[in-house]
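In the text below, chain A, chain B and the rest are named by the order of the sequence lines, each starting its count at 1.
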2 protein chains.
Amino acid sequence: MSNHPLIIHITKHVNLTEAQIAIVLSRFQLQTFAKKEHLLKEGNICKNIFFVTKGCLRLYFINEKGQEQTIQFALETWWMTDLMAFEKSGESGFSIQALEKVEVMVITHESLEKLLLEIPQLERYFRKVYQRAYSASLLRVKYLYTMPKEVFYEHFTSLYPEFVQRIPQKVLASFLGFSPEYLSELRKKKTLEKK
Amino acid sequence: MSNHPLIIHITKHVNLTEAQIAIVLSRFQLQTFAKKEHLLKEGNICKNIFFVTKGCLRLYFINEKGQEQTIQFALETWWMTDLMAFEKSGESGFSIQALEKVEVMVITHESLEKLLLEIPQLERYFRKVYQRAYSASLLRVKYLYTMPKEVFYEHFTSLYPEFVQRIPQKVLASFLGFSPEYLSELRKKKTLEKK
DNA sequence: CGGATCGTTGATCAACTTCAACGGTCGTGG
DNA sequence: CCACGACCGTTGAAGTTGATCAACGATCCG
């Protein structure tokens, strides 16, 4: 039995033999990145997918106004890549950056394809991973449509209070979809209300 | 060889034997719905997933102001369900309605689970389906964040000009995330520009 | 210690919503 | 097949929300 975070996560969804566990672990590579370091830069070929074992990542792009727009975070046990570019091994439309010192398990698209053929149970595992990610993404779209930004802010901070502490406000503002100035105003409003 | 749309779609991604094709087809049920008819109503248990073979569907919910908010369409060869509720066989947060006369292939969650165990290649097929859906959804989130609504409107109408003709304006407006009145204004503006 | 970046504040402005009223059209029952 | 009612799309006025810009103080990092 392995107690590696990746294996723990996989075997929550499918069973693997000891031999298969060994194969899986042998195909991934452990990498660490310092705070603010890039795992992928916009315009580069996206060869890798990352499984976060420590720290956190952000996925962002530069919008037409030249500002960084964060659209995704990844904490421990989350997968992260520019999925569209990864699948085609094409140019990425996003950058991936470490928000803190991170530890990730990395595998290339090519290796992963081989691994999926060798261990077909992994298809089931990834089917479940993507299915959850997709349904979460739809829920998020629902929120983006209907929640006034103020409510979206409250919602997010009450769901992930510790996480909100860890990241720069401007990154949070851009993820929530509004300007840093407006976030500032909301924070002020909230602290006044509490008194 | 079957030339059923569902089988054609599956065998684009994975190979199936004749026997397996027969099994797959036997587990799905063909259903038709009239325009405006509901395939699922908000609050009901979501037992089914639908594969559209003719016509089109919308996924929507009622927001806090009591208005219908459409967040997803499904055309031919698209899958449709309230994925989160489907996976848990729980109460749906969405309704699914036919925008035109539709033909769908239906399967229950229970049947699909059995089928996946019998024909493991289908795990690979659904892995790919969800992976694409997820990456498309992320791209959509990107658009929602950055595109001014006017640009989003142009983008959508140029991508799906025929489709825009087929659906009521208020449904389109809600999908694009703005009021029918504003859509009206945009349309007027565009037709003036063309002259 | 020094420079650059970050968060805050206030003023102005644009995008989009809401509301109310009107004409057109769609589909339903007679 | 027609007539009526309901709903849909359009228009304009008034009101909100949140962006932008500029300026300042704080803080982080080298």
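- If you check D:dT11, C:dT8, D:dT20 against the side chain of A:K65, the one that comes closest is D:dT20.
- Neither OP1 nor OP2 of D:dG9 sits under 4.0 Å from any side-chain N or O of B:R187.
- Here D:dG9 presents its P atom at 14 Å from CG of B:L186, a figure rounded to the nearest Å.
- Taken to the nearest 0.5 Å, the NZ atom of B:K101 stands 13.0 Å off from the NZ atom of B:K35.
- In this structure, B:E100 places its CD atom 13 Å from P of C:dG27, rounding to the nearest Å.
- Between B:S179 and C:dT17 there is a side-chain polar atom (N or O) within less than 4.0 angstrom of OP1 or OP2.
- Looking at heavy-atom distances under 4.0 Å, B:E181 makes contact with a base.
- Taking atom NZ of residue A:K189 and atom C1' of nucleotide C:dT9, one finds them 16 Å apart after rounding to whole Å.
- Closest approach to the A:K149 side chain among D:dT20, C:dC16, D:dA19 is made by D:dA19 (side chain taken as heavy atoms from C-beta onward).
- Rounded to an integer number of Å, the gap from B:L176 CG to C:dA15 C1' is 16 Å.
- If you take CZ of B:F178 and P of C:dA15, they are 14 Å apart, rounded to a whole angstrom.
- In this structure, CD of A:E64 is placed 13 Å from C1' of D:dA19, rounded to the nearest angstrom.
- Both tests hold for B:K142 against A:F61: distance to the six-membered ring centre under 6.0 Å, angle to the ring axis within 45°.
- In this structure, of D:dC29, C:dC6, D:dA19, it is D:dC29 that holds the atom nearest to the side chain of A:K35.
- Side-chain proximity of A:K170 to D:dG9, D:dT11, C:dC6: nearest is C:dC6.
- Of the candidate nucleotides C:dT9, C:dC16, D:dG9, C:dT9 has the atom lying nearest to any side-chain atom of A:S184.
- What separates CD of A:E185 from C1' of D:dA19 is a distance of 11 Å, to the nearest Å.
- Within the 4.0 Å cut-off from OP1 or OP2 of D:dC29, not a single side-chain nitrogen or oxygen of A:K36 is found.
- Here C:dC16 presents its P atom at 14 Å from OH of B:Y153, a figure rounded to the nearest Å.
- Taking the six-membered ring for Trp and the full ring otherwise, B:F156 and B:Y160 have centroids separated by under 6.0 Å.
- If you find the closest nucleotide of DNA chain C to A:I167 and to B:Q67, the one lying nearer the 5' end belongs to A:I167.
- For A:F126 and A:W79, the distance between ring centers is under 6.0 angstrom.
- With distances taken from any side-chain atom of A:Y182 to the nucleotides C:dG10, D:dG9, D:dG18, the minimum falls on D:dG18.
- Salt bridge status for A:K128 with B:E123: absent, with no side-chain N to carboxylate O gap under 4.0 Å.
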